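The next block holds one structure in the form of structure tokens; read it before the comments.
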Number of protein chains: 2
Amino acid sequence: MQFSEITTPALILDRSRLQSNIDHLTDILAPHSLQLRPHLKTCKSLDVANLILDPGTGGITVSTLHEAEYFLSGGYTDILYAVSIVPQKLQQVKNLQEKGAKITLLLDNLKTAQDVSKEGMALDTVFPCLVEIDCDGKRAGLTPDAPELISIARSLHEQAGTHFEGLMSHSGGTYSCDSTEAIQEMAEAERKAVVQAGNRIKSEGLPCSTLSIGSTPAAYFSNNFDGITELRAGVYVFQDMVMEALQVCESSDISISVLATVISHKKDKNRVLIDAGSLALSADPGKKNNLGNTHFGLVCALEDSKPYSNLWITSTNQEHGLISLDHTSLSFEDFPIGSQIRILPNHACITAAAYPGYHVIEEGGEISAYWERCNGW
Amino acid sequence: MQFSEITTPALILDRSRLQSNIDHLTDILAPHSLQLRPHLKTCKSLDVANLILDPGTGGITVSTLHEAEYFLSGGYTDILYAVSIVPQKLQQVKNLQEKGAKITLLLDNLKTAQDVSKEGMALDTVFPCLVEIDCDGKRAGLTPDAPELISIARSLHEQAGTHFEGLMSHSGGTYSCDSTEAIQEMAEAERKAVVQAGNRIKSEGLPCSTLSIGSTPAAYFSNNFDGITELRAGVYVFQDMVMEALQVCESSDISISVLATVISHKKDKNRVLIDAGSLALSADPGKKNNLGNTHFGLVCALEDSKPYSNLWITSTNQEHGLISLDHTSLSFEDFPIGSQIRILPNHACITAAAYPGYHVIEEGGEISAYWERCNGW
């Protein structure tokens, strides 16, 4: 199969870049004793997961119970559902347990902890739980010094329907950092927050076997994982323009791209139009580019996915992408109507979710496979 | 079925608001002689389309050939594919013709016009075409005075593989207007642009039977459709927070909402968290709210979809929505963990695309149906 046979817009996955990204994080973590628990919310693909780890040899992270069910069907049984649980979803969790899964749940308040324990007893099961620690003020969780932390851990430990496993934090704040030093500082702050909270719990005589941290930027720039038992990262398998802006990767590391067709030349505006718009690329404005502008992806050549200098998706409509030729040495002749280009997306997790799967390309440019994704809820 | 039985996040469609929005545009257009050709890229649903018009009684607009195929399967044969065509997609168009469709195509340059004619001859068919007119500089199309316009129209008219039907413009610039007067002016500018371009073509002795304009804001605020034969509008069936910001509608007109569950209370940040994030709501930042802030939707009560004052989705992660209680008189007790809320989205077309279908609710709150959507390409 060739690019020209694919209906555009479509999602392309470069297998060698993917493998290289997977290997790179393995190398980063090799000197350390912590486990990688990959976050599969980005890829939502068993084919990608199987490149990271063999089912049965390690745990995974998911962002929806739909993903949990999907990856369980592929043999992954040790699953962390890393979004705060609510009691209403526990019957679904119990159903997955009955199919052989160990689903570890996340929560951050005493009332929920008690309700999950009660429901565990009512359903004649035990729900393993982590407590979420807030390391950067960006999302959920308890600060490491929160008084409630001990009572939650104790409740989960002592009540029959739950098992307290430890702590989890997410350093999403690294996405807002403006230097690798700032990312490194935030990663260290995350480590300290989780270790400190864990020590508080252990000093109360409670077990706390899991100390889980994560975000791709933190994974790449942290140089200290002391005391941490596992790391979660997701977007590293694909990388994207946000990661490139954070210097986590080069644009040549980005394994995912949107294949699009040139559909119009707007000559009086020096603008090329393509058939990939806000549905195909996502409406995520990402980070500003080198021109200081918001954009919706970096335009690359079809065959080698090499970016054109200063060629950005400057704006989008639902099914239109607009590309300004200003600030480039390119002309309309470089992009004949009907020709194809590829776009490196701002945020791989969001862009990929628009597609049912990936067209996988090999190093020589051959399209060798189609890998499905599990979208939705 | 009740809200509590629905797995969240999910898409809710209020049937009475939907019907009221459909009726309202019918009323607006009733005094005028132009036809409504609804743009079904927003709803992507036969059930919604069937409330607007009976198959066979009028034309529709689509943004993908996938939509064209879907609506054709429901009996809609007169279909305008309102995105610039490329020759590579013509075999697919021919396949739809063979299934009984009249697919009208759009283009804006001579080379494509000639290529489409050639391909029409090669495929032993005739492709009806419109030429896109640029009325606001925002997307594609020729300006009304462009010299190329006449040669394109003549080529489409004279070549055997095509039929020149007329002109089409899209006043997407109305989305950037800051007053209803500005929208009205832009709508009138659009009308004039298309009529002027049509007159140029007719003065050359060429037929030009279709003069098609459109955008929901223009449809609502224009008071002059002289010379225009048809109007396209799409988002009006649902409305959204962008339309509300443009004063096209009130928030109480918005027929679509995202159902979500409260999953955490972040008390030290005065923040409620829900299980609807950037995948469930879209990453589209829309327009700033009354507090001057970017947001990702307005939070409403579950049962009556009545908005809370100043209660916005202040930020999102992939599967987390964060709601600040600042600037409100609300407290955590108003949003118990496990309770449900609804969110009026920024951009209905984009948010809806994350879901395979709609849970339809009746005026009394009963969930009466599930209507599927045709997403993707």
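Keep in mind that what you see is a predicted model, and the values were worked out from it rather than measured. Here is the naming used below: chain letters follow the sequence lines, and residue numbers restart at 1 for every chain.
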Subject >> Part of A/Y175 lying under 4.5 Å from any heavy atom of chain B >> reply: neither
Original post:
Would B/I85 and A/I263 count as a side chain to side chain contact (heavy atoms under 4.5 Å, CB included) if you check the C-alpha gap in whole Å, the side-chain angles of each, and the deciding distance to 0.1 Å?
Top reply: CA-CA 6 Å; B/I85 192 70; A/I263 59 168; over 6 Å; no
Original post:
Taking A/Q318, A/E132, A/Q92, A/H347 one by one, which has the highest count of heavy-atom pairs under 4.5 Å against chain B?
Top reply: A/Q318
Subject >> Working for side chain to side chain contact (heavy atoms under 4.5 Å, CB included), residues B/V86 and A/V262 >> reply: CA-CA 8 Å; B/V86 290; A/V262 173; over 6 Å; no
Original post:
Closest approach of A/W377 and B/A354, non-hydrogen atoms and distance?
Top reply: CZ3-O, 3.6 Å
Original post:
Say you draw a straight line from OG of B/S264 to CG of A/L142; how long is it, rounded to the nearest 0.5 Å?
Top reply: 8.0 Å
Subject >> N/O donor-acceptor pair under 3.5 Å between A/K266 side chain and B/R139 backbone >> reply: no
**OP:** Mind checking the CD-CD spacing from A/E319 to B/E67? Nearest 0.5 Å is all I need.
**Re:** 7.0 Å
**OP:** Using the side-chain contact (heavy atoms from CB on, under 4.5 Å) rule, pick out the option among B/T64, B/I350, B/N375 that qualifies with A/L279.
**Re:** B/I350
Original post:
Which region of A/K269, side chain (C-beta onward) or backbone (N, CA, C, O), has a non-hydrogen atom less than 4.5 Å from a non-hydrogen atom of chain B, or is it both or neither?
Top reply: side chain
**OP:** Heavy-atom distances under 4.5 Å only: say whether A/P356 touches chain B with side chain, backbone, both or neither.
**Re:** neither
Original post:
Under a 4.5 Å heavy-atom cutoff, which of A/G172, A/A146, A/G137, A/G376 has the most pairs with chain B?
Top reply: A/G137
**OP:** Please flag which part of B/P336 lies under 4.5 Å from any non-hydrogen atom of chain A: side chain, backbone, both or neither.
**Re:** neither
Subject >> Partner chain B: residue of A/K138, A/K111, A/K267 with the largest heavy-atom pair count (under 4.5 Å) >> reply: A/K138
**OP:** Check the pair B/H265 / A/N109 against side chain to side chain contact (heavy atoms under 4.5 Å, CB included), numbers first and verdict last.
**Re:** CA-CA 8 Å; B/H265 291 164; A/N109 75 87; 5.9 Å; no
Original post:
Is the CD atom of A/E5 crowded by more than 12 outside heavy atoms at less than 6.0 Å?
Top reply: yes
**OP:** Could you tell me which of A/T112, A/V83, A/D268 has the largest number of non-hydrogen atom pairs under 4.5 Å with chain B?
**Re:** A/V83
**OP:** Would you mind telling me which of A/S4, A/C349, A/P285, A/S315 has the largest number of heavy-atom pairs within less than 4.5 Å of chain B?
**Re:** A/C349
Original post:
What do the steps show when you test A/N317 against B/H170 for side chain to side chain contact (heavy atoms under 4.5 Å, CB included), and what is the final call?
Top reply: CA-CA 11 Å; A/N317 280 202; B/H170 168 56; 4.2 Å; yes
Original post:
Is it the side chain or the backbone of A/A280 that comes within 4.5 Å of chain B heavy atoms, both, or neither?
Top reply: both
Subject >> Contacting moiety of B/D284, where chain A heavy atoms sit under 4.5 Å >> reply: both
Original post:
Which bit of A/T261 comes within less than 4.5 Å of chain B, counting heavy atoms only: side chain, backbone, both or neither?
Top reply: side chain
**OP:** Considering only NZ, NE, NH1 and NH2 on the basic side and carboxylate oxygens on the acidic side, decide whether A/D275 and B/K89 come within less than 4.0 Å.
**Re:** yes
Original post:
Roughly how far, to the nearest 0.5 Å, is CD1 of B/I337 from CD of A/Q88?
Top reply: 10.5 Å
Original post:
Between A/L273, A/T8, A/L65, which shows the greatest number of heavy-atom pairs under 4.5 Å with chain B?
Top reply: A/L273
Subject >> Atom group of B/S63 that falls short of 4.5 Å from chain A, counting heavy atoms >> reply: both
Original post:
Relative to chain A, which of B/D134, B/T7, B/D115, B/L107 shows the most heavy atom pairs under 4.5 Å?
Top reply: B/D134
